[in-house]
Amino acid sequence: MFRYLVRRLLAAALIMLVITTITFFIFFALPSDPALLACGKTCSPSRLAEIKHSLGLDQSYSTQYWEFLKGLLAGRDFGDQSVRIHCGAPCLGVSFQTDTPVLTTLLSDFPADLSLGLGAAVAFLVLGVGLGTVAAVRRGRAADKAAVGLALFGVSVQIYFIGLLLLYLFVDKFQILPTSGYTPITEDPAGWFQGLILPWTTLVIVYLAMYTRLTRSSMLEVLAEDYLRTARAKGLPATTVVLKHGLRAAITPVITVFGMDVGSLIGGSAVITESVFGINGIGKLAVDSVQNSDLPVILGTTLFAATFVVLANVVVDLVYGLVDPRVRLA
């Protein structure tokens, strides 16, 4: 297991290097001029030259890329002798708009994405797997039709529709909940929970459909296997047959999708949800940086999200061996 983990971590590091290289050249080699974006609308030629020198943009692309990689490992300095900004490792650059290290901004917004992503992920995984299992066991009956209908509804609606509808019903019309938003759990645990109820519900409705359908289809295949017929013939309880033998074998594709979804949600992919409910997370930060043409922040949010997706895949591979003994044997 240890050698396997080392190999997976090395492969993940190689993937991140490739992603870093592609992302760097997309954002710094292809655009017209990052220094011009940092300089603003009223920019003189002398000021433009100063910004290029302070950001290292007057060097070759290979030198800029090497400095960027060194900054990720050891940090780097930006600016001249009069104004120098230190960016500690891992350095993702300095924002054109605020002159602060990008990683500092990302870490300040990360707790909101962590709370939103993990809370919603746990809910739609448990509910989706539960509904999918019930639908497979009760195939063709009322419970199956209800679960399939709910899944169809979740696939049909969009986040911005569900989010605005929930805000209207629970905040504006009936005033059951206060205005949604993110409050740090360390400041007000009750406010943190109340502010995330509606965003969690929105994501659960949308993602629940996929997990219900995926679990149902996977369970139907497993329930038809010979070893489950043997387990029933031996007189094992139905709960043991379904949960211990059936669900354990059927959960593998669900884990694969779940790992990708958790990585992307924590990395800031819930952009629409954050915008609808006024949550200042990494997704909203990415949208604002695109509107402001803040290339270092765009690059930082891209690499930040990619890191969590890659790490989630490593964790999924390790969980495979715990859930399905056949993976360990292979």
| task | Check whether any side-chain heavy atom of L265 lies under 4.5 Å from a side-chain heavy atom of Y207, and answer yes or no. | result | yes
| task | For the pair Y168 and F174, evaluate side chain to side chain contact (heavy atoms under 4.5 Å, CB included) and give the outcome as yes or no after the intermediate values. | result | CA-CA 8 Å; Y168 170 73; F174 299 108; over 6 Å; no
| message | Is any side-chain heavy atom of S115 closer than 4.5 Å to one of W192? | response | yes
| field | Contact summary for T212 and A147, nearest pair of heavy atoms | value | CG2-O, 4.1 Å
| said: Quiz question: by atom type and distance under 3.5 Å, do the side chains of D188 and T183 form a donor-acceptor pair? | reply: no
| field | same_hphob_cluster(V126, Y211) at 4.5 Å side-chain heavy-atom cutoff | value | no
| task | Specify the closest pair of heavy atoms between I272 and I159, including all atoms of both residues, with the distance to one decimal. | result | CG2-CG2, 3.9 Å
| Distance in Å, L9 CG paired with L14 CG, rounded so as to fall on 0.5 Å steps | 12.5 Å
| request: May I ask you to check whether Y61 and F24 place their ring centres under 6.0 Å from each other? | output: no
| said: Grouping I, L, V, M, F, W and Y whenever their side-chain heavy atoms are under 4.5 Å apart, do L203 and L165 come out in a common cluster? | reply: yes
| task | Measure across V204 and L127 and return the closest heavy-atom pair with its distance rounded to 0.1 Å. | result | CG1-CD1, 4.0 Å
| query | Is a donor on one side and an acceptor on the other found under 3.5 Å between the side chain of S264 and the backbone of D261? | reply | yes
| For the side chain of T98 and the backbone of S95, is there at least one donor-acceptor N/O pair under 3.5 Å apart? | no
| task | Answer with yes or no whether the hydrophobic clustering places V309 together with M16; edges join I, L, V, M, F, W, Y residues whose side-chain heavy atoms lie under 4.5 Å apart. | result | no
| Criterion side chain to side chain contact (heavy atoms under 4.5 Å, CB included) on L166 and T201, from CA distance to verdict | CA-CA 9 Å; L166 292 177; T201 304; 3.9 Å; yes
| Atom OG1 of T133 and atom CE of M219: how far apart are they, to the nearest 0.5 Å? | 5.0 Å
| task | Heavy atoms only: give me the nearest R216-A135 pair and the separation to one decimal. | result | CD-CB, 3.8 Å
| query | Would you say V310 and I19 make side-chain contact, with heavy atoms under 4.5 Å? | reply | yes
| message | Let me confirm one number: the CD-CZ distance from E67 to R76, rounded to the nearest 0.5 Å. | response | 5.5 Å
| Any donor-acceptor pair under 3.5 Å linking the side chain of R229 with the backbone of A224? | yes
| task | Inspect the contact between D317 and R8 and indicate whether a charged nitrogen and a carboxylate oxygen are less than 4.0 angstrom apart. | result | yes
| Once the angle between the rings of F258 and F124 is folded into 0 to 90°, is it parallel (under 30°), tilted (30 to 60°) or perpendicular (over 60°)? | perpendicular
| note | Value for CG (L285) from OG (S108), rounded to nearest 0.5 Å, stands at 7.5 Å
| request: Determine, for K284 against D109, whether the closest basic-nitrogen to carboxylate-oxygen distance falls under 4.0 angstrom. | output: no
| query | Do V122 and I255 sit in the same hydrophobic cluster, where Ile, Leu, Val, Met, Phe, Trp and Tyr count as joined when their side-chain heavy atoms come under 4.5 Å apart? | reply | no
| Enclosure of F170 CZ (heavy-atom neighbours >12, cutoff 6.0 Å) | no
| query | Would you say E274's side chain and G283's backbone share a donor-acceptor pair under 3.5 angstrom? | reply | yes
| Can you check whether F277 reaches Y182 side chain to side chain, under 4.5 Å on heavy atoms? | no
| task | Step through it carefully: locate the ring centre of F25, locate the ring centre of F68, and say whether they are under 6.0 Å apart. | result | no
| request: Flag the pair V276 / L167 as yes when at least one side-chain heavy-atom distance between them is below 4.5 Å, and no otherwise. | output: yes
| field | Side chain Q59, main chain Q64, donor-acceptor under 3.5 Å | value | no
| query | Given L198 and V171, is the side chain to side chain contact (heavy atoms under 4.5 Å, CB included) satisfied, shown in steps? | reply | CA-CA 10 Å; L198 295 183; V171 177; 3.7 Å; yes
| query | If you measure from CD1 on I15 to CG on L311, what distance do you get to the nearest 0.5 Å? | reply | 10.5 Å
| message | Is any side-chain heavy atom of T100 closer than 4.5 Å to one of V94? | response | no
| message | Any heavy-atom pair between the side chains of H245 and T240 that's under 4.5 Å? | response | yes
| said: Please report the interatomic distance OG1(T273) to CG(L196), rounded to the nearest 0.5 Å. | reply: 11.5 Å
| So, does S217 use its side chain to make a donor-acceptor pair with the main chain of L214 at under 3.5 Å? | yes
| query | In terms of side-chain geometry, is the basic nitrogen of D144 or R141 positioned less than 4.0 Å from the acidic oxygen of its partner? | reply | no
| Check against side chain to side chain contact (heavy atoms under 4.5 Å, CB included), L92 and L72 | CA-CA 7 Å; L92 298 174; L72 291 176; 3.5 Å; yes
| task | Find out if a path of hydrophobic residues (ILVMFWY) with successive side-chain heavy-atom gaps under 4.5 Å connects M260 to L114. | result | no
| How about R138: does its CZ atom have over 12 heavy atoms from other parts shown lying under 6.0 Å from it? | no
| said: Looking at every non-hydrogen atom in both residues, tell me the closest pair between G259 and A312 and how far apart they are. | reply: O-CB, 3.1 Å
| Are S156 and L152 close enough that some pair of their side-chain heavy atoms sits under 4.5 Å apart? | yes
| message | Restricting to non-hydrogen atoms, name the atom on S218 and the atom on A250 that form the minimum distance, rounded to 0.1 Å. | response | OG-O, 2.8 Å
